[in-house]
Student: 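Have a look at this one before I ask anything.
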There are 2 protein chains.
Amino acid sequence: MKTLKIGELAGQAAVSPKAIRFYEAARVLPPPARGANGYRLYPADAVDMLRFIKQAQGLGLTLAEVKDIVAIRQGGRPPCRHVYRLLQEKARELDRKLSDLVMLRRRIRESLAAWGRRRARGAAVCPHIEAPVRPSRRRASRRG
Amino acid sequence: MKTLKIGELAGQAAVSPKAIRFYEAARVLPPPARGANGYRLYPADAVDMLRFIKQAQGLGLTLAEVKDIVAIRQGGRPPCRHVYRLLQEKARELDRKLSDLVMLRRRIRESLAAWGRRRARGAAVCPHIEAPVRPSRRRASRRG
DNA sequence: CTAAACCTTCCACCACGGTGGAAGGTCAAG
DNA sequence: CTTGACCTTCCACCGTGGTGGAAGGTTTAG
């Protein structure tokens with residue numbers, strides 16, 4: 001089985017070597033084998049692991065939570081019923097978060113729409129950056 | 001119009017006075033009026049403002065983002081087209097996040113289900129906390 | 001008048017999730 | 001054999017979103 005050095009793993013999983021060592025220190029990743037030189041040697045599937053971590057984490061899960069989930073996924077002596085409960089709770093929390101997120105998105109869209117209406121009425125939206133929208137003749141200057 | 005001292009506002013909005021001062025320093029909340037004694041005096045609707053902040057923030061928006069949104073909601077000289085774009089982008093980001101969240105939830109549920117199946121097969125789920133599930137005769141010791 | 005409960009500012013510290021850099025060992029190319 | 005890219009450890013620091021506490025002024029209750 002081909003093994004990866006930390007830099008190779010980092011490259012393939014699009015994280016920094018630093019972050020990988022950090023995850024190891026945080027017990028999210030198991031400590032890998034070491035070569036005779038002391039270099040970390042990762043199995044190829046560590047890439048998937050890292051990608052999963054990144055995805056879960058990018059969605060608002062803390063590393064601590066990811067750690068527990070990872071432990072289950074790996075199946076080797078999972079941290080017990082406690083973690084099972086934790087995951088159930090997490091799933092419920094996700095449901096709540098989802099519906100809240102939907103509401104927030106609606107509020108944002110409403111704000112945007114309201115602003116659109118104000119512009120349509122010709123209000124001075126942002127005097128020092130762009131002039132009020134005049135009736136007929138769009139084609140505002142394209143300033144960001 | 002009745003005004004609130006910071007502690008009263010904090011109580012009604014369920015945040016700490018510290019946090020309120022912090023939001024002010026972070027320019028998320030506008031600096032309120034001051035009494036002759038130097039005390040901050042908030043209008044009653046500051047409560048709604050704080051609740052909105054807490055909700056948005058509790059959904060993964062940063063204070064910086066909340067700040068911009070708040071600026072729009074208040075309508076007084078919103079920070080221009082820039083913010084409009086930011087909110088559009090944010091709405092799209094929310095959509096992505098929503099679908100990712102749905103996927104993550106599914107993965108978690110699958111992990112839970114898989115674990116359930118392992119338990120059903122009688123695997124030693126967590127030897128040092130609860131004994132393997134024996135066929136017939138549930139009623140495991142209730143240790144968390 | 002006094003004590004408690006507020007309020008003010010300011011500075012330190014916390015957890016989280018890393019990044020940067022120093023000091024040193026190792027490996028591959030020229 | 002040197003150079004440079006990599007690897008190792010360790011310690012410091014960053015931004016985010018606050019909290020804690022000191023030092024001092026105010027307001028309120030007894």
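Sequence lines set the chain letters: A, B, ... in the order given, protein chains first and strands last, and positions in each chain run from 1. Keep in mind the model is a prediction, meaning the values are calculated, not measured.
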Student: Please state how far atom CD in B:Glu24 lies from atom C1' in C:dT8, giving the value in whole angstrom units.
Tutor: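 Atom-to-atom, B:Glu24 to C:dT8, this comes out as 12 Å.
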Student: Rounded off to whole Å, could you give me the NZ-to-C1' distance for the A:Lys5 and C:dG25 pair?
Tutor: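 Rounding to the nearest Å, NZ of A:Lys5 and C1' of C:dG25 are 13 Å apart.
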Student: Would you kindly give the CZ-to-C1' distance between A:Phe22 and C:dG20, to the nearest whole Å?
Tutor: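 Atom CZ in A:Phe22 sits about 15 Å away from atom C1' in C:dG20.
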Student: Could you say whether B:Ala36 or B:Lys18 is positioned toward the 5' end of DNA chain D, judged by the nucleotide with the nearest heavy atom to each?
Tutor: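 Taking each residue's closest nucleotide, the earlier one in sequence belongs to B:Lys18.
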Student: Round to a whole Å and report the spacing from CD1 of A:Ile6 to C1' of C:dC27.
Tutor: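 That distance rounds to 17 Å.
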Student: OP1 or OP2 of D:dT27 versus the side-chain N and O atoms of B:Tyr39: is any pair under 4.0 Å?
Tutor: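 B:Tyr39 to D:dT27 OP1/OP2: no side-chain N or O under 4.0 Å.
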Student: Among the clusters formed by ILVMFWY side chains lying less than 4.5 Å apart, do B:Ile6 and B:Leu41 turn up in the same one?
Tutor: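 Each belongs to a different hydrophobic cluster.
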Student: State whether A:Arg40 places a side-chain N or O below 4.0 Å from either non-bridging phosphate oxygen (OP1 or OP2) of D:dC6.
Tutor: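 Looking at the OP1 and OP2 atoms of D:dC6, neither is under 4.0 Å from any side-chain N or O of A:Arg40.
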Student: Ignoring hydrogens and angles, tell me if any N or O in the side chain of B:Arg51 forms a donor-acceptor pair with the backbone of B:Ala46 under 3.5 Å.
Tutor: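 Checked: no pair found.
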Student: I'd like to know if A:Ile20 and A:Tyr39 are part of one continuous hydrophobic network [Ile/Leu/Val/Met/Phe/Trp/Tyr, side-chain heavy atoms within less than 4.5 Å].
Tutor: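 No, separate clusters.
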Student: Which residue lies toward the 5' end of DNA chain D, B:Leu61 or A:Glu8, if each is placed at its nearest nucleotide?
Tutor: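 Residue closer to the 5' terminus by nearest nucleotide: A:Glu8.
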Student: Can you figure out which of D:dC7, C:dG17, D:dG17 approaches the side chain of A:Arg21 most closely?
Tutor: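 Looking only at heavy atoms from C-beta outward on A:Arg21, the closest nucleotide is D:dC7.
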Student: Expressed in angstrom and rounded to an integer, what is the separation of B:Ile20 atom CD1 from C:dC6 atom P?
Tutor: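 Distance check: B:Ile20 CD1 to C:dC6 P gives 14 Å.
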Student: Check whether any side-chain nitrogen or oxygen of A:Ser16 sits under 4.0 Å from OP1 or OP2 of C:dT19, and answer yes or no.
Tutor: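 For C:dT19, OP1 or OP2 has a side-chain N or O of A:Ser16 closer than 4.0 Å.
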Student: In whole angstrom, what separates B:Lys67's NZ from D:dG17's P?
Tutor: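 Roughly 10 Å, once rounded to whole Å.
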Student: Tell me: CG of A:Leu4 to C1' of D:dC6, nearest whole Å?
Tutor: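 Rounding to the nearest Å, CG of A:Leu4 and C1' of D:dC6 are 15 Å apart.
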Student: Return the NZ to OH distance between A:Lys54 and A:Tyr23, rounded to the nearest 0.5 Å.
Tutor: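 The NZ atom of A:Lys54 sits 3.0 Å away from the OH atom of A:Tyr23.
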Student: Does B:Lys54 place a side-chain N or O at less than 4.0 Å from the phosphate oxygens OP1/OP2 of D:dG18?
Tutor: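 Answer yes for this pair, as a side-chain N or O of B:Lys54 is under 4.0 Å from OP1 or OP2.
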Student: Just how far is it from atom CG of B:Leu29 to atom CG of B:Leu9, taken to the nearest 0.5 Å?
Tutor: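 If I round to the nearest 0.5 Å, the distance is 8.0 Å.
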Student: Rounded to whole angstroms, how far apart are CD on B:Gln57 and P on D:dG15?
Tutor: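 Atom-to-atom, B:Gln57 to D:dG15, this comes out as 19 Å.
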Student: Tell me whether the OP1 or OP2 atom of D:dT9 has a side-chain N or O from A:Arg34 closer than 4.0 Å.
Tutor: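 Answer yes for this pair, as a side-chain N or O of A:Arg34 is under 4.0 Å from OP1 or OP2.
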Student: Quick check on D:dT27: is either OP1 or OP2 less than 4.0 Å from any side-chain nitrogen or oxygen of B:Asn37?
Tutor: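 Looking at the OP1 and OP2 atoms of D:dT27, one of them is under 4.0 Å from a side-chain N or O of B:Asn37.
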